[in-house]
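Chain identifiers are assigned alphabetically (A, B, ...) following the order of the sequence lines, protein sequences preceding nucleic acid strands; residue numbering begins at 1 within each chain.
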There are 2 protein chains.
Amino acid sequence: MTGHENLWMRPERPARGPRPSFSRAALAEAAIRVADAEGLEAISMRRLAADLGAGTMSLYRYVTSKDEVFDLMVDTAVREYLPEDRRPPDDWVEGLRLLAWQARRTMLRHPWLAPLAAGRPQAGPNSARLMETALGMLDGLGLSVDEMLTLVGAVFAYVNGYIQSELAEAEALRRSGLTLAQRLAQHLSFIQSLIATGEYPMLERMTKEAGRQYMGADDRFAYGLDRLLDGVAAGLPRRGAEGPARSR
Amino acid sequence: MTGHENLWMRPERPARGPRPSFSRAALAEAAIRVADAEGLEAISMRRLAADLGAGTMSLYRYVTSKDEVFDLMVDTAVREYLPEDRRPPDDWVEGLRLLAWQARRTMLRHPWLAPLAAGRPQAGPNSARLMETALGMLDGLGLSVDEMLTLVGAVFAYVNGYIQSELAEAEALRRSGLTLAQRLAQHLSFIQSLIATGEYPMLERMTKEAGRQYMGADDRFAYGLDRLLDGVAAGLPRRGAEGPARSR
DNA sequence: CAAAACTGAGTACGCCGTACTCGCTTTATC
DNA sequence: GATAAAGCGAGTACGGCGTACTCAGTTTTG
């Protein structure tokens with residue numbers, strides 16, 4: 001087994017031959033530019049090649065399939081999860097919370113990222129750096145590495161799931177071409193037709209209470225994240241080396 | 001606005017004309033059968049039509065786009081989240097936990113469901129029934145409907161995010177054609193190359209601790225779910241009408 | 001019975017990912 | 001530096017996709 005069947009193990013540049021006219025990084029950058037501007041479905045090998053001024057099939061010198069382009073995009077974007085300054089925050093809860101918020105910021109900035117990242121295992125160098133950072137925050141709590149991975153995985157599962165539903169809502173609104181009010185009205189008329197059967201008392205109450213102010217997307221994200229971190233912290237009675245004095 | 005631009009408001013059968021040779025339900029069923037057996041990417045309008053013994057374009061009498069086929073599939077499958085007996089569980093935490101486990105069971109049974117559901121707002125009748133059920137569990141806790149929606153949304157965000165990463169791992173393994181051991185070895189050799197730089201102390205520790213037993217996927221799912229529910233419960237000091245006696 | 005209107009099959013268009021071929025250019029080796 | 005090997009980029013082609021459009025036939029309503 002040479003390991004070359006894996007994108008990240010395969011050397012970008014072979015030993016011999018002319019210098020390539022661009023690089024995997026440039027390919028990832030171009031793909032991200034297209035996806036940011038026109039969405040994931042605008043990405044095609046022909047389009048990327050045209051943007052790079054190369055022949056379509058030339059891209060396959062850098063990558064063995066379109067799927068690997070997606071791998072490159074995800075790992076490139078994941079770098080933005082990491083805060084600029086490397087020094088670890090004093091509190092692991094604060095650290096994970098910060099990471100979660102940075103992840104959300106990044107996924108909202110690149111709406112294609114969350115669906116794409118959810119469908120593939122995080123395997124690239126920046127994902128590894130991210131995991132290293134997260135694990136480092138949990139060092140000294142007396143957890144096994146396996147427990148740490150489970151904990152970090154739970155936080156990212158929530159973050160990913162939340163942001164995907166947040167983005168799906170926004171995307172559906174955009175595609176429908178309706179205003180928010182029109183879309184709510186359409187939704188409401190469907191729900192009304194269900195309520196008419198009398199089997200949906202809670203939804204009925206929902207329509208009656210509507211009109212109050214809604215929680216914003218930020219607040220809803222914070223709610224679940226903070227509850228999850230609360231629960232995790234409560235499940236760790238054993239404190240780190242700094243002693244049990246710190247209550248929160 | 002007639003409302004007919006929405007799949008769920010549009011009548012399946014128009015007032016006049018010959019009887020259609022199948023139904024939206026049959027279309028959804030056929031699509032689910034194909035996706036279960038051969039994956040989401042095996043679904044095409046031509047393929048579904050062939051399975052139904054119809055012409056390709058005839059499907060557009062039932063649905064305005066392929067996307068609506070996906071809507072039908074999701075809403076049909078979501079019905080499986082709901083437990084068979086309708087009587088509400090005595091405890092809202094138990095109720096939500098059960099719902100989460102049922103959702104996971106369903107999404108593992110239909111591996112195409114989680115990615116698909118994550119990308120579209122839950123809008124069909126079965127999604128409404130699901131939401132009605134979940135909200136009903138939270139009745140009497142003194143929450144506003146908006147708070148209830150946020151709470152339920154957080155739980156489903158976690159469930160969806162977790163299962164997508166669980167499925168992504170399994171899918172990557174399947175596509176690689178490697179055994180689990182081979183894949184771990186490949187992963188390890190990549191991580192080793194990173195460790196060689198000396199900048200990944202936690203990953204280094206991870207490789208050294210490996211070989212111990214891993215937490216299973218069930219346990220990892222339960223961990224995050226239970227921590228989240230713990231945190232939510234702790235954030236609700238006010239108890240329902242049954243009095244504050246019940247501690248858990 | 002008449003006529004309105006819905007059905008389903010067929011054809012066609014413009015995309016897509018990618019396998020394959022073939023001169024050309026660059027590089028490593030002697 | 002000459003030379004041979006090998007990677008490079010462009011072109012062509014194939015099979016598949018979603019779906020717009022047309023048209024003959026059938027079913028239902030009045």
Side-chain angles (χ1 to χ4, degrees), chain A residues 2 4-5 7 10-28 30-31 34-35 37-73 112 116 119-120 171 175 177, chain B residues 2 4-5 7 10-28 30-31 34-35 37-73 112 116 119-120 175:
Chain A
T2 66
H4 284 197
E5 54 284 335
L7 167 64
R10 200 165 54 234
E12 172 154 12
R13 183 147 158 45
R16 288 246 284 277
R19 187 155 286 110
S21 57
F22 53 100
S23 66
R24 278 186 194 155
L27 176 53
V34 171
E38 304 172 43
L40 239 203
E41 65 283 353
I43 289 197
S44 74
M45 298 307 264
R46 288 175 229 268
R47 170 64 192 275
L48 292 181
D51 273 32
L52 288 163
T56 303
M57 294 316 291
S58 302
L59 300 194
Y60 288 91
R61 300 277 166 200
Y62 300 84
V63 116
T64 66
S65 69
K66 187 184 184 183
D67 216 55
E68 288 194 346
V69 176
F70 290 149
D71 285 337
L72 287 176
M73 290 172 69
W112 47 268
L116 215 51
R120 59 198 67 230
E171 172 72 2
R175 291 166 82 117
Chain B
T2 67
H4 284 198
E5 55 283 335
L7 167 64
R10 199 165 54 236
E12 171 154 13
R13 183 146 160 46
R16 288 249 283 278
R19 188 156 285 110
S21 55
F22 52 100
S23 66
R24 278 186 194 156
L27 177 53
V34 171
E38 304 172 43
L40 240 202
E41 65 283 353
I43 290 198
S44 74
M45 298 306 264
R46 289 176 229 269
R47 170 63 192 274
L48 291 181
D51 273 32
L52 288 164
T56 303
M57 294 317 290
S58 303
L59 299 195
Y60 288 90
R61 300 277 164 199
Y62 301 83
V63 117
T64 67
S65 68
K66 187 184 185 182
D67 217 55
E68 288 194 345
V69 176
F70 291 149
D71 285 338
L72 286 176
M73 291 172 69
W112 46 269
L116 215 50
R120 58 197 66 231
R175 289 166 84 116

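- When the C1' atom of C/dT7 is taken as reference, atom CG of B/Leu52 falls 15 Å away, rounded to whole Å.
- In this structure, A/Ile43 reaches the sugar-phosphate backbone alone: every heavy-atom distance under 4.0 Å involves primed, P, OP1 or OP2 atoms, never a base.
- As a whole-Å value, the separation of A/Glu41 CD from C/dC15 C1' is 13 Å.
- A/Glu38 has its CD atom 14 Å from the P atom of C/dC15, to the nearest Å.
- Under 3.5 Å, the side chain of B/Arg46 and the base of D/dG16 form no donor-acceptor pair of N or O atoms.
- When each of A/Tyr62 and B/Arg61 is assigned the nucleotide of DNA chain D bearing its nearest heavy atom, the one mapping closer to the 5' terminus is A/Tyr62.
- Listed for the B/Arg24 side chain is no donor-acceptor partner under 3.5 Å among the backbone atoms of B/Val63.
- With C/dG8, C/dT18, D/dG18 as the choices, the nucleotide that has an atom nearest any side-chain atom of A/Ser65 turns out to be C/dT18.
- Proximity of B/Asp51 to B/Arg47: side-chain heavy atoms (C-beta onward) are separated by under 4.5 Å at one or more points.
- Exactly one of B/Arg61, B/Arg120, B/Arg10 qualifies for a salt bridge (charged side-chain N to carboxylate O under 4.0 Å, His left out) with B/Glu68. That residue is B/Arg10.
- Base engagement by A/Ser58 is indicated by at least one non-hydrogen atom pair under 4.0 Å involving a base atom.
- Following rounding to the nearest Å, B/Lys66 (NZ) and D/dT19 (P) show an atom-to-atom distance of 8 Å.
- Rounded to whole Å, the distance from CE on A/Met57 to C1' on C/dT21 is 11 Å.
- Using a 4.5 Å cut-off on side-chain heavy atoms (C-beta onward), A/Val69 and A/Leu59 make no contact.
- Between the CZ atom of A/Phe22 and the C1' atom of D/dC8 there is a distance of 11 Å, given to the nearest Å.
- Pairing each heavy atom of A/Gly55 with each of A/Ala49, the nearest pair is O-CB, 3.5 Å.
- Separating the CG atom of B/Leu59 from the C1' atom of D/dT19 is a distance of 11 Å, rounded to the nearest angstrom.
- Taking atom CD of B/Glu68 as the reference point, atom C1' of D/dG18 lies 14 Å away to the nearest angstrom.
- Residue A/Tyr60 has no polar side-chain atom (N or O) positioned under 4.0 Å from OP1 or OP2 of C/dG17.
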